[in-house]
Amino acid sequence: GVGTTTPTAKLHVNGSLKINDGTEAAGRVLTSDASGNATWQTPSSGGGVSMGYSSGPGNNPSTTTSFIGVTVTVVITSSSQKIHITASKALGSNAAGGATGLNIYPGYQISGGFLTALGGGIFGLTCAQGQRHTYTVNGAITGLPPGTYQFGMVGSSVNAANWNNNEFGYVSYILSN
């Protein structure tokens, strides 16, 4: 032991420690490789987290897959970033017989690109006449190329005109490096 007469490990230092190998500098961190060899390294820019949300009426369901409700715009700067989204929207019907056949997914679209629906979706949602329900989807997405994206709830209904008693929606995201 160094600075102790009762060490509890092969190298037990009681007090400050100084390691010099010529690569040390302010702000650097001591890291090791798989074999345990230590070197001073500049910390990676990873570990940062940003988040945000949007709310508003957005779009109503249509017969083609499109955004339903509001979206959030997020700039992806690296394909190693991960994004988690949660999107909710109140959808309902005042039409005789209600509304049927709504399919929803979490989704995204890069600026100028195609809309992408994620996962298997939630199919065949219905709503009785004079009612409104809140529907929510969420998803975690990795490996997107850098660019500006919109994220939110996407979907369609063969009975889109009957989904006519709709309210605000919300989309939130957490982006991590």
Side-chain angles (χ1 to χ4, degrees), residues 29 31 34 41-177:
V29 294
T31 60
Q41 301 289 324
T42 302
S44 68
S45 61
V49 173
S50 63
M51 58 188 113
Y53 78 97
S54 181
S55 65
N59 302 318
N60 292 327
S62 70
T63 56
T64 59
T65 301
S66 58
F67 282 111
I68 300 173
V70 296
T71 61
V72 290
T73 301
V74 179
V75 176
I76 302 292
T77 59
S78 167
S79 62
S80 65
Q81 289 180 300
K82 300 162 196 72
I83 187 163
H84 181 271
I85 64 161
T86 301
S88 300
K89 177 139 171 112
L91 299 161
S93 180
N94 284 326
T100 60
L102 179 64
N103 304 324
I104 59 174
Y105 313 78
Y108 66 88
Q109 183 175 27
I110 191 168
S111 236
F114 295 103
L115 184 65
T116 301
L118 299 169
I122 303 171
F123 294 124
L125 298 172
T126 62
C127 185
Q129 178 181 352
Q131 292 191 6
R132 184 183 300 142
H133 304 286
T134 302
Y135 299 101
T136 301
V137 294
N138 65 73
I141 308 150
T142 61
L144 293 174
T148 301
Y149 289 82
Q150 287 184 299
F151 295 91
M153 179 185 294
V154 300
S156 64
S157 174
V158 294
N159 186 311
N162 283 13
W163 290 94
N164 60 7
N165 182 17
N166 306 316
E167 222 351 295
F168 269 49
Y170 298 85
V171 181
S172 61
Y173 73 90
I174 299 173
L175 179 68
S176 61
N177 292 325

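All values below were derived from every heavy atom in this structure, side-chain atoms included, with hydrogens, water molecules and symmetry-related copies excluded. These figures come from a predicted structure and were not determined experimentally.
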Apply side-chain contact (heavy atoms from CB on, under 4.5 Å) to residues Tyr135 and Ile104 and explain how you reach the verdict.
CA-CA 9 Å; Tyr135 299 101; Ile104 59 174; 3.8 Å; yes
Are more than 12 heavy atoms, taken from residues, nucleotides or ligands other than Phe123, located less than 6.0 Å from that residue's CZ atom? yes
| said: When you measure from the side chain of Arg132 to the backbone of Ser93, do you find a donor-acceptor pair of N or O atoms at a distance under 3.5 Å? | reply: no
Distance col, row Asn60:CG vs Ser66:OG, nearest 0.5 angstrom, shows 9.5 Å
**OP:** Go through the side-chain N and O atoms of Asn103 and Ser156 and say whether any donor and acceptor fall under 3.5 Å apart.
**Re:** no
Taking every heavy atom of Ser55 against every heavy atom of Phe168, the minimum-distance pair comes out as C-CD2, 4.5 Å
In terms of heavy-atom contacts, Thr71 and Gln150 come closest through OG1-NE2, 3.1 Å
Q) Checking Trp163 side chain against Thr100 main chain: does a donor-acceptor pair fall under 3.5 Å? A) yes
Review point. Do we see a donor-acceptor contact under 3.5 Å between the side chains of Asn164 and Asn94?
Key: no
All heavy atoms of Asn162 vs all of Ala96, minimum pair found to be ND2-O, 4.3 Å
Nearest heavy-atom contact between Gly97 and Gln129 is N-OE1, 3.6 Å
- Query: Is it true that the side chains of Ser80 and Ser78 contain a donor and an acceptor less than 3.5 Å apart?
  - Reply: yes
Please evaluate residues Asn166 and Leu91 with respect to the criterion side-chain contact (heavy atoms from CB on, under 4.5 Å), reporting the C-alpha separation (whole Å), side-chain torsions for both, the decisive distance (0.1 Å), and the verdict. CA-CA 4 Å; Asn166 306 316; Leu91 299 161; 3.3 Å; yes
Taking every heavy atom of Gly92 against every heavy atom of Cys127, the minimum-distance pair comes out as CA-SG, 3.7 Å
Heavy-atom closest pair (Ile76 atom, Leu144 atom, distance to 0.1 Å) is CG2-O, 3.8 Å
Value for OG1 (Thr116) from OH (Tyr108), rounded to nearest 0.5 Å, stands at 4.0 Å
Rounded to the nearest 0.5 angstrom, the CD-CZ distance for Gln109 and Phe67 is 5.5 Å
Q.
Would the distance check show the side chain of Lys82 and the main-chain N or O of Ile174 forming a donor-acceptor pair, the cut-off being under 3.5 Å?
A. no
Distance col, row Leu175:CG vs Phe151:CZ, nearest 0.5 angstrom, shows 8.0 Å
dist Leu125:CG -> Leu102:CG (nearest 0.5 Å) comes out at 5.0 Å
dist Thr126:OG1 -> Gln131:CD (nearest 0.5 Å) comes out at 9.5 Å
Subject >> Heavy-atom check, side chain of Thr148 versus side chain of Thr73, under 4.5 Å >> reply: yes
Using the side-chain contact (heavy atoms from CB on, under 4.5 Å) rule, take Ile85 and Asn138 through it: C-alpha gap first, then chi angles, then the decisive distance, then the call. CA-CA 5 Å; Ile85 64 161; Asn138 65 73; 5.8 Å; no
